[in-house]
S.K.: 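I have a structure here, written as structure tokens, and I will follow up with some questions on it.
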Amino acid sequence: MFGNFFSHLGPRILVLFSLFSGMLGDCGPPPVLKYAKPFDPITSSYKPSESVTYGCLPGYKEDHSKKYIVHCLADSEWEQIEEFCERGCETPQETRFTVVDQDYILFYPVGSVVNHVCHRGAEHIPGHPKRPATTCLSNYTWSPVPVFCK
Ligand SMILES: *[C@@H]1O[C@H](CO)[C@@H](O)[C@H](O)[C@H]1NC(C)=O
């Protein structure tokens, strides 16, 4: 008797459930960023709790302090995301006589300043700065380093 009851009700529960999950909302296509794009092909429909992961466009680097994943929230809105990719300078050049006086970092935004020092074994040229600085310029190149070691 119960078996009969449930087999009768079953399909209706299923229909109700799919109606309900359909009403749970849809965030639509994910936010568009200028300097990043979604890793995976996007679709036009995302349900709450689904997420999209972005990667920087070629030539841009991610600021690791910022978010690169957005979630479709319960209210069918995408979580806020700000641009997290920036263009910066390449790793500053070391030469036969000089090294960068700083631990390796992944990203040098415009305005970064690094100091150079003589390589162990190289000799400082008297009268020149001991730790000359270079700056990452707005055209993403480093300002020149004077010759100061030999
Ligand atoms: C970048 O800007 C600096 C300072 O304005 C300039 O001297 C240098 O030639 C520029 N480099 C390139 C590759 O445009």
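For ligands, and for the atoms within them, numbers begin at 1 and follow the listed sequence. None of the values given here were measured: they were computed from a predicted structure.
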S.K.: Which atoms of ligand 1 sit under 4.0 Å from any heavy atom of T141?
M.R.: 1 (C), 11 (N), 13 (C)
S.K.: When you check the gap from the basic side-chain N to the acidic O, do K67 and E79 get nearer than 4.0 Å?
M.R.: yes
S.K.: Do V52 and Y54 come within less than 4.5 Å of each other through their side chains, counting heavy atoms only?
M.R.: yes
S.K.: Quick check on atom 14 (O) of ligand 1 - does any protein heavy atom sit closer than 4.0 Å to it?
M.R.: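 So atom 14 (O) of ligand 1 has protein heavy-atom neighbours under 4.0 Å.
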S.K.: If only atom types and distance count, is the side chain of W142 paired as donor or acceptor with the main-chain N or O of L137 below 3.5 Å?
M.R.: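 No, the answer is negative, given that no donor and acceptor are paired below the 3.5 Å cut-off.
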S.K.: Which word best sums up how the rings of Y68 and F84 line up, parallel for under 30°, tilted for 30 to 60°, or perpendicular for over 60°?
M.R.: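 Answer is tilted, since the angle falls between 30° and 60°.
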S.K.: For atom 9 (O) of ligand 1, is some protein heavy-atom partner under 4.0 Å away?
M.R.: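 No, there is none.
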S.K.: Among all protein heavy atoms in this structure, tell me which lies nearest to atom 2 (O) of ligand 1, with the distance rounded to 0.1 Å.
M.R.: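 Sorting protein heavy atoms by distance from atom 2 (O) of ligand 1 puts N139 ND2, 2.3 Å first.
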S.K.: Can you pull out the closest protein heavy atom to atom 4 (C) of ligand 1? Residue, atom name and distance to 0.1 Å, please.
M.R.: L137 CD1, 3.9 Å
S.K.: Taking the side chain as every heavy atom from C-beta outward, state whether E50 and H71 have any pair of such atoms under 4.5 Å apart.
M.R.: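 Not touching, per the 4.5 Å side-chain cut-off.
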